[in-house]
J.: 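Shown below is the structure under consideration.
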Amino acid sequence: MKLIADGIRKSFDKKEVLKGASFTFEQGRIYALLGRNGSGKTTFFNCLNEDLKMDSGSFCLEDEAGARRPVTTDDIGYVLSTPVVPEFLTAREILKFFLEINEGRIEHPQTPDSYLDWVQIEPEDRNKLLRDFSHGMKNKIQMLLNLIADPLVLLLDEPLTSLDVVAQEEMKSLLKSRKAEHITILSTHIMELALDMCDDVVLLHGGVLTHMERGDMPLEEYKDRIITALKEGYAEGQNA
Amino acid sequence: MLNAFLISRRLHTEYKVNGTLNVLRHVSLLRKVLPPDVYSQSWIKSVVQVFKIIGEVFSFFLGKAVYLGIMVLLPCIFLKDKGVEADTAAMAVHILFFMTLLGAHIHNPLFEASEEMFYAVFLLRMDAKKYALSNYIYFLIKSFLGFLVVIGACRAIVKSFALPLYFVILLPLYVVCAKLLASWLNLRFFRRHGSLITYDAPKYGKLVWVFTAVCVLAAYGPVVFGITLPYSVVTALCLAVIAGGAASAVMLYGAKDYRRVLRYIELKNRELVSDRDEAVKAATKESTLKKISADDLDQDAPAKDKGLKGCAFFNELFVRRHRKLLTKTAKLQAAVLALVFAAAAAACLLVPDLAARVNSNILGVLPIFLFVMYMLNRGETVTQAMFFNCDSSMMIYNIYRRPDVILGIFTERLKTLVRINLLPSCVIAAGLPLVYLCSGGTKRPFEYAVMAVTILAISVFFSVHYLTMYYLLQPYTEGLAQKGVGYRVVMGLTYAVCYAGLQVKALRANSLLFGIVVCIFTVLYVAAALVLTYRLAPKTFRLRR
């Protein structure tokens, strides 16, 4: 499957943030969406997730046979940088609820505890209210809920920043192990994360999406190219 | 100090003016007129600022006038009318004396959390003492002038309010000094116990409630029997409080621990809210953001979940964990109403004259209950609690926005909300016919039935109305601010219609018809609301950004 963004435009008042952004994201790859502060990464995600109405353009999915259909919210899982979970439930309860409302939709469903084992939430924490979870633990729950729902497109907004180093590695390998079934787009400011974890780097600058081909380029040179491109994008934006 | 005050006022003004402009820009008609850079256009801001200042002055005097009118003068005039043998002015002074003692504790902003305090002291690092004291002095001057003008005007206008002239100055001074004294006591208490004297203070919170009850009883209790404090005693007590207030002012001026107290207030306030949006959240209704307290949390929930699944399970846990927040007021309303109706029924049995009057008028009050039920209804608070404590986080997950999940939870919530609102409604639905019966009753038994059914129908109507409007016009943003203009308009219209129930006399003359029409309307409205929610909510029930 492919996710095709076609000519996405979005303005806030007079400021045009997305100026016809187009790109084709492919299943089985992890994309790093890099851009400067305010370049429109979150706006792009919000448009894709139908949280914001875009001014023009479209998102669609294309299967191997070339047949296209519009993206629906069912196709998308959105993991926010600040984890948002219902604080009045325990980890077990939120999973029970999630599994029950998705009965028949999840392939090979497991018990709440086996999912919690999977993301290494300790047994003694599972009956605690999510309110009392640490930032990182909440992040794990949020990620887990999105992985259980198993949407085709996974949007991750700065997903690893609040995790400790061990949890970061766990989460990276988890995402990598699941990448074959998903189109994963990860927005980040951390160049190392983008290069270490992602198959492709896509820049969002000047309101458009640009693929940064690496080819055989040495790592340092590739980094320099990205930084230069982002600076140019910023300068263009300032001049526009 | 003056400089600190001017800076904080500038911050206050900027904040309020920008806030107003922001609200105006969300009105689609004005959005086109007000450009995005409106915040930098000084002339527009000046215009808004002038309106704000006029509004502040007006609302300030109006606030004092309303307080004095409703809490002090009206009860006195009413009691005098009922034949209580005491001087109206003496009664008013008596009530004002005790209510001021209470007010000194419950309306005293020196140690109150506010968004502006957070910005000024902790974000912009202003001197805590200078900020707190200068704004407090401003507040006290406003209080003094407000009471001076309003008491003076009342003395001049209301003939029966003929208190000695020196009271026009003594009372405002007493109000201000009582507040100063209370602030000083509060600061001393904080130094000793590490917390402030508030209703929710861990150990002493109950004492504040007792103090409140004592003040209210001391203010109104004796007056009902025509007993008032003599002017000489009030004068002596006021002078004592003024002396205490003056000493407190010196102490407060010398105190150094403002930053520590403000930090405590700020942290306590932050407990209610979790993360970066604390300042924004603090501005929203705190009552709905109450944390789940330890006794609300039922850790054995899985064992007691009655075999519920999916949406029903989810809603059951929400209700159980927020039981106090959701049902406390409704239970209190039911208890008070039960007492009121029992007293009314007893009065009808004991006083035949009253019974006759009640009997001939009781059907006519049915339309008034539209407004009463509107006031009692918990719909808005409950839906707010649903948003703040649940939906604001769950809406992030696309699964939660799937039509079958939205509708599943909507249905469960509707049952919950109807149940909560039926607590007081059932008491009214039983109480009204009971009073009717005790006042002599009617030969047409269907009148009892129409009364009871109308009350229940109105209750169900409001439950459906609030929940449907919440689902169709979801007005809150991620930052928990209320944004939806549509929602506000609908709520305003609801108020207007209910208020009309109070005012339109024709309705009262045709109460039975009114009841029948309300019942039919409720059935139609509920059907229409359910169809609309099922069709539209999957599109409308989402976070505003």
J.: For the CZ atom of B:F313 and the NZ atom of A:K96, what is their distance to the nearest 0.5 Å?
T.: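 The CZ atom of B:F313 sits 4.5 Å away from the NZ atom of A:K96.
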J.: Whether A:E50 and B:R401 form a salt bridge (side-chain N of Lys/Arg under 4.0 Å from carboxylate O of Asp/Glu) is what I want to check.
T.: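 No, this pair does not count.
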J.: Considering non-hydrogen atoms only, spot the tightest contact between A:P86 and B:S393 and give its length.
T.: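 In terms of heavy atoms, the two residues are closest at CA-OG, 3.4 Å.
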J.: With sequence neighbours excluded, tell me which residues meet salt bridge (Lys or Arg N to Asp or Glu O under 4.0 Å) with A:E62.
T.: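 Salt bridge (Lys or Arg N to Asp or Glu O under 4.0 Å) list for A:E62, sorted by chain: A:R68.
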J.: Nearest heavy-atom pair of B:G310 and A:I101: which atoms, and what distance?
T.: CA-CG2, 4.1 Å
J.: Mind checking whether A:F88 and B:F318 have ring centres under 6.0 Å apart?
T.: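 Yes: the rings meet the under 6.0 Å criterion.
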J.: At a heavy-atom separation under 4.5 Å, does A:Q142 approach chain B through its side chain, its backbone, both, or neither?
T.: both
J.: Over all heavy atoms of both residues, which pair between B:R402 and A:N102 is shortest? Give the atoms and the distance, please.
T.: NH1-OD1, 2.7 Å
J.: Check each atom of B:F314 against the heavy atoms of chain A and say whether the ones under 4.5 Å are side chain, backbone, both or neither.
T.: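 It is both, since atoms from each part get that close.
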J.: Can you find a pair of side-chain heavy atoms, one from A:L129 and one from B:R321, that are under 4.5 Å apart?
T.: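 A:L129 reaches B:R321 side chain to side chain.
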J.: Walk me through whether A:I94 and B:M394 qualify under side chain to side chain contact (heavy atoms under 4.5 Å, CB included).
T.: CA-CA 10 Å; A:I94 181 82; B:M394 289 304 292; 4.0 Å; yes
J.: Would you check if B:Y397 and A:V85 make a side-chain contact, meaning some heavy-atom pair closer than 4.5 Å?
T.: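 Yes - at least one pair of side-chain heavy atoms lies under 4.5 Å apart.
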